[in-house]
Amino acid sequence: MRWNLKSKPNKEKVQALQEVLQVDEIIATLLVQRGIETFEQAKSFFRPTLNDLHDPYLMKDMDKAVSRIETAIVNQENILVFGDYDVDGTTAVSLVSSYLKTDYSNVATYIPDRYLEGYGVSFQGIDFAEDNGFTLIIALDCGIKSVDHVAYAKEKGIDFIICDHHRPGAILPDAVAVLDPKREDCTYPYDELCGCGVGFKLIQALGRNKGQTIQDLVPYLDLVATAIAADIVPMTGENRVLAKFGLEVINMNPRPGIKALVQNVKKKTLTITDVVFIVAPRINAAGRIKHGDYAVQLLTEFDLKQAETFAQEIEENNAERRGLDKQITKEALLQIKENKEESRFTTVVYDENWHKGVIGIVASRLTETYYRPTLVFTKSGDKLAASARSVQDFDVYQALEACAHHLEQFGGHMYAAGMTLKEEKYSVFKQAFEDVVKDTINPELLIPEITIDMEIDFSDITPKLIRILKEFEPFGPQNMHPVFMSTSVFDTGFAKTLGSEGEHLKMYVKQYDDSQDAGIGAIGFGLGKYFPLVQDKKEFQMAYVVDENEWNNQVSLQLNIRAIKEYNG
């Protein structure tokens, strides 16, 4: 593990912010590290409002999209809302379809079958639209590379509106409107929206023409916040505003589908992390194990009893997903060892029997063991399909682009992607991917890194600090939970491992001899292996986030340990 302690920011800037905000040096330092240097910037950060959202008509083609939808409604056309089967796609479809249905009934939804159709816009979906008299398809979280599909639909007299956030290819589809802030010719002020976020901008534009205000659209923000959390987009700008107010909806007045998913969670207030680990996997499980339609049914159901029935089915899907994930990860790790591939620059594994719905999760698990770009392949029809995951600061999408001549299709982001190829190309592609990564990756990136904001003493952790740190939420990429480091730390004699295999570490820690009589509770998930390093009151160095533990309606300070290493004074 590489420990990367951020350099201290400009002292004058920190002092100036301290004075104007009346905060201590720790808070001012954290803010300047995040690019917040003035009172106005701090005000926007700590007190975001829905008025901070940008005008949706600043997005290229928004006027065309709104005009075409309004024409469809006037002419009583059938509208098909089409989206991907993951959380971003199913929440986006749920959002746009339920919004349109509030005053127009000729609207249906379509989620492609992960196994029969694969990712994105499908010819089968377009045939379904033709067979059922749909003349307009609104594609969400997909479509930006569907040049052939949109052309195919056009031949059948079906128009497309694309709402996507993935990187476009060299040619844009010939759709009525292509809403994608990553278009080179789009000057929209914020280009890190998720697919559901782009869908929200669409309903914001439609709503304005109907005289609605942003307050009328607040009930849809629970879906947007869920998508932002699940898709791991930057928690900055518009995303942070949408996530913050969406979390408020989730906690105070969520739609019945989300309420049914979280009602057994023993927490008063859910954080964005809870959404990532509790809500998102369950929504995803529907598309992974059965069909993404189940997620849309859940998220658009307004009868709580019916939503609870859907949620129970999805809970069963999630339990099945966990079992498959564990088994396939075990088989993949064995394959790496049997092939003697432990020291490669990449992990590329394949088994025709692996469940396509969990290969993305397995890829993430493998990167935890072998920290390197990872692809997990399985059989999908007459081709192979894979999910890719990367390591921090390495663009796996670019690496795939360099091997594109071996692939049938691919798409995604810097850190996650999907692809298909012909089975006979697997071996040659596997070697090509290894060569590209070997030639382009900085070897340092193959060692996991923890980035630490600053070093503090335990005595700095005051109720005021904890209160202000909460105001930094919601956390996510580019606004991560502040990570602190303290030295000369020791356990008070209560250190123990938890979990069926002793994989977690629980302690009560002190720093120096005079601090905190009973010590501060600390938990290290997955850090049980460090028990020998901390037992017998040995001194160590610790990287952690300041957190709270909620148990039996009692809330207490808890340090969430991210890394431990020896300390020799």
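Atoms considered below: every heavy atom in the structure, side chains included; atoms not considered: hydrogens, waters and symmetry mates.
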With rounding to the nearest 0.5 angstrom, report the CG to NE2 distance, Leu140 to His165.
10.5 Å

Does the plane of the ring in Phe484 sit parallel, tilted or perpendicular to the ring in Tyr544? Use 30° and 60° as the thresholds.
tilted

The criterion is side-chain contact (heavy atoms from CB on, under 4.5 Å); which residues satisfy it with Ala175, sequence neighbours excluded?
Val150, Phe160, Ile162, Val178

Shortest non-hydrogen contact from Ala311 toward Leu298:
N-CD1, 3.8 Å

Nearest 0.5 Å please: distance from the CD1 atom of Ile138 over to the SG atom of Cys163.
6.5 Å

Below 4.0 angstrom, N of the basic side chain to O of the carboxylate: do Glu548 and Lys470 qualify?
yes

Counting distance only, does the side-chain N/O of Asp395 pair as donor-acceptor with the main-chain N or O of Tyr397 below 3.5 Å?
yes

I would like to know whether Cys186 and Met59 meet side-chain contact (heavy atoms from CB on, under 4.5 Å); could you show each step before the answer?
CA-CA 6 Å; Cys186 181; Met59 195 175 292; 4.0 Å; yes

Intermediate values then yes/no, side chain to side chain donor-acceptor pair (under 3.5 Å), Gln212 and Tyr99
CA-CA 12 Å; Gln212 292 176 325; Tyr99 177 80; 2.6 Å; yes

At their closest point, which heavy atom of Pro474 faces which heavy atom of Ala243, and how far apart are they?
CG-CB, 3.9 Å

So, Arg183 and Asp185, do they make that salt bridge, N to O below 4.0 Å?
yes

Does either side chain, that of Glu408 or that of Thr420, offer a donor lying less than 3.5 Å from an acceptor on the other one?
no

Near Lys8 NZ, under 6.0 Å, is it more than 12 heavy atoms from other residues, nucleotides or ligands?
no

Would you check if the side chain of Asn284 reaches a backbone N or O of Asp86 as a donor-acceptor pair within less than 3.5 Å?
no

Please step through side-chain contact (heavy atoms from CB on, under 4.5 Å) for the pair Phe82 and Ser122, ending with a clear verdict.
CA-CA 10 Å; Phe82 187 110; Ser122 65; 4.1 Å; yes

Just wondering, are more than 12 heavy atoms of other shown residues or ligands nearer than 6.0 Å to CZ in Phe475?
yes

Counting neighbours of CD1 on Ile232 that are heavy atoms of other residues, nucleotides or ligands and sit closer than 6.0 Å, is the number greater than 12?
no

Please check: side-chain N/O of Asn239 versus main-chain N/O of Pro234, any donor-acceptor pairing under 3.5 Å?
yes

Any sub-3.5 Å donor-acceptor pair from Asn251's side-chain atoms to Leu270's backbone N or O?
yes

Tell me whether Lys244 is salt-bridged to Glu473, with the criterion being a basic N under 4.0 Å from an acidic carboxylate O.
no

Would you say that Asp159 contacts Thr135 through its side chain, given a criterion of any heavy-atom pair below 4.5 Å between the two side chains?
no

Looking only at heavy atoms, the pair that brings Asn106 and Glu77 closest together is CB-O, 3.5 Å

Quick check on the 6.0 Å ring-centre criterion: do Phe134 and Tyr110 meet it?
no

Here the gap from Leu465 atom CG to Leu30 atom CG, rounded to the nearest 0.5 Å, amounts to 8.0 Å

Nearest-0.5 Å distance, CG of residue Asp222 to CZ of residue Arg255:
4.5 Å

Minimal heavy-atom distance between Val483 and Thr451, with the atoms involved, is CB-O, 3.6 Å

Closest non-hydrogen contact found for Ala225 with Ile250 is CB-CD1, 4.3 Å

Would you please indicate yes or no on a ring centroid separation below 6.0 angstrom for Phe123 and Tyr152?
yes

Surrounding NZ of Lys43 (heavy atoms of other residues, nucleotides or ligands, distance under 6.0 Å), is the total greater than 12?
no

For the residue pair Lys145 and Phe410, would you count it as a cation-pi contact if the rule is NZ or CZ under 6.0 angstrom from the ring centre and within 45 degrees of the ring axis?
yes

Is it the case that the side chain of Gln41 and the backbone of Thr38 share a donor-acceptor pair, with hydrogens and angles ignored and the cut-off at 3.5 Å?
yes

Determine, using ring centers only, whether Tyr415 and Phe394 are less than 6.0 Å apart.
no

Can any side-chain N or O of Glu117 pair as donor or acceptor with the backbone N or O of Asp113 at less than 3.5 Å?
yes

Pairs involving residues 15-32, ordered by first then second residue, that meet side-chain hydrogen bond (donor to acceptor under 3.5 Å, both in side chains) (sequence neighbours left out):
none

Short side-chain to backbone donor-acceptor contact, Asn132 and Phe128, under 3.5 Å
yes

For Gly133 and Asn78, which heavy atoms make the closest approach, and how far apart are they?
O-ND2, 3.1 Å

From Leu242, Leu206, Leu53, residue fulfilling side-chain contact (heavy atoms from CB on, under 4.5 Å) relative to Lys201:
Leu53

Does the pair Lys64/Asp61 count as a salt bridge with the N-to-O cut at 4.0 Å?
yes

Decide side chain to side chain donor-acceptor pair (under 3.5 Å) for Glu238 and Tyr188; before the verdict, give the C-alpha distance in whole Å, the side-chain angles of both, and the deciding distance to 0.1 Å.
CA-CA 11 Å; Glu238 218 167 18; Tyr188 189 73; 2.8 Å; yes

At what distance, to the nearest 0.5 angstrom, does CG of Asp216 lie from CD1 of Ile203?
10.5 Å

Taking atom types as modelled, is there a side-chain donor on Thr236 or Tyr190 under 3.5 Å from an acceptor on the other?
yes

Show your reasoning for whether side-chain contact (heavy atoms from CB on, under 4.5 Å) applies to Ile161 and Arg68.
CA-CA 8 Å; Ile161 292 170; Arg68 181 64 186 88; 4.1 Å; yes

Lys/Arg-Asp/Glu bridge criterion (N-O < 4.0 Å) met for Arg208, Asp55:
yes

Check this for me, if you would: do Asp191 and Lys182 make a salt bridge, where the nitrogen-to-carboxylate-oxygen distance has to be below 4.0 angstrom?
no

So how far is it from Glu37 CD to Leu31 CG, rounded to the nearest 0.5 Å?
10.5 Å

Return yes if some donor-acceptor pair links the side-chain N/O of Asn317 with the main-chain N/O of Ala286 below 3.5 Å, else return no.
no

Heavy-atom side-chain proximity of Ile361 to Arg321 below 4.5 angstrom
yes

Quick test of your reading of the model: are Arg282 and Asp274 salt-bridged, counting only N-O distances below 4.0 Å?
no

Are more than 12 heavy atoms from other residues, nucleotides or ligands located less than 6.0 Å from atom NZ of Lys154?
no

Are Arg47 and Glu471 ion-paired here, with the side-chain N under 4.0 Å from a carboxylate O?
yes

Please assess Ile283 against Thr90 for the test side-chain contact (heavy atoms from CB on, under 4.5 Å), listing each intermediate value before the final yes or no.
CA-CA 8 Å; Ile283 294 172; Thr90 52; 3.5 Å; yes

Verdict with supporting geometry, Glu192 and Gln478, side chain to side chain donor-acceptor pair (under 3.5 Å):
CA-CA 11 Å; Glu192 295 292 352; Gln478 297 179 36; 5.3 Å; no

So that I can tick it off, tell me whether Asp103 and Lys210 are bridged by a salt bridge, with the cut-off set at under 4.0 angstrom between side-chain N and carboxylate O.
yes

Would a 4.5 Å heavy-atom cut-off, applied to side chains only, mark Val396 and Arg389 as touching?
no

